[in-house]
Each structure stands twice: as C-alpha cells, then as structure tokens.
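See structure below.
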Amino acid sequence: MKAVRTHVGRCDTCGEPAAYAQLLPGGRRFLFCEEHAPLLVKKQAKAAEDKDSAKK
C-alpha cells in the first residue's frame, strides 16, 4: 500500500474534497478528506512527502 497527499477528487466517505489517497495494487485507490483519513494513511503520506522533498 502507498499513501500520498492529493487535492484531486472527493472523499469516498463524505464527499468533501480529498486530502489523501491510498493507492492499492491493481489500480485501486481510496480517497479521504482530512477528517476521515486513517492515521496510518496520514503517516505514510507524510513519510512519502518527506522522502520526495529530501531528493530535491
């Protein structure tokens, strides 16, 4: 599983603008707003964001 921050799409739970995307094998993804994002998704997205910024 991979998680990233996004600004595209709507939360699958409530329909608010998405803040996080959980990317799964097979092209599946789940979108979450700030309120409904699980803690694990938030942590993984932050780690991926930090890793990308360290490359620059």
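Of all heavy-atom pairs between Cys14 and Cys33, the closest is SG-SG, 3.7 Å. Heavy-atom minimum distance, Asp12 versus Arg29: OD2-O, 4.2 Å. For Gly15 against Arg10, the heavy-atom pair with the smallest separation is O-CD, 2.8 Å. A pairwise comparison of heavy atoms in Leu31 and Ala18 identifies CB-CB, 4.0 Å as the closest pair.
A 4.5 Å side-chain heavy-atom check between Glu49 and Arg5 finds at least one atom pair inside the cut-off.
Taken together through direct or relayed side-chain contacts under 4.5 Å among Ile, Leu, Val, Met, Phe, Trp and Tyr, Phe32 and Leu40 form part of one hydrophobic cluster. Leu24 and Val41 fall within a single hydrophobic cluster, where Ile, Leu, Val, Met, Phe, Trp and Tyr are joined by side-chain heavy atoms under 4.5 Å apart, directly or via other members. Cluster annotation: Met1 is connected to Phe30 through the hydrophobic network of ILVMFWY side chains, with a link wherever side-chain heavy atoms come within less than 4.5 Å.
Here the CZ-CG distance, from Arg28 to Leu23, works out to 12.0 Å after rounding to the nearest 0.5 Å.
Lys43 pairs by the salt bridge (charged side-chain N to carboxylate O under 4.0 Å, His left out) definition with nothing, not counting sequence neighbours.
When only modelled atom types and interatomic distance are considered, Glu34 and Tyr20 share a side-chain donor-acceptor pair under 3.5 Å.
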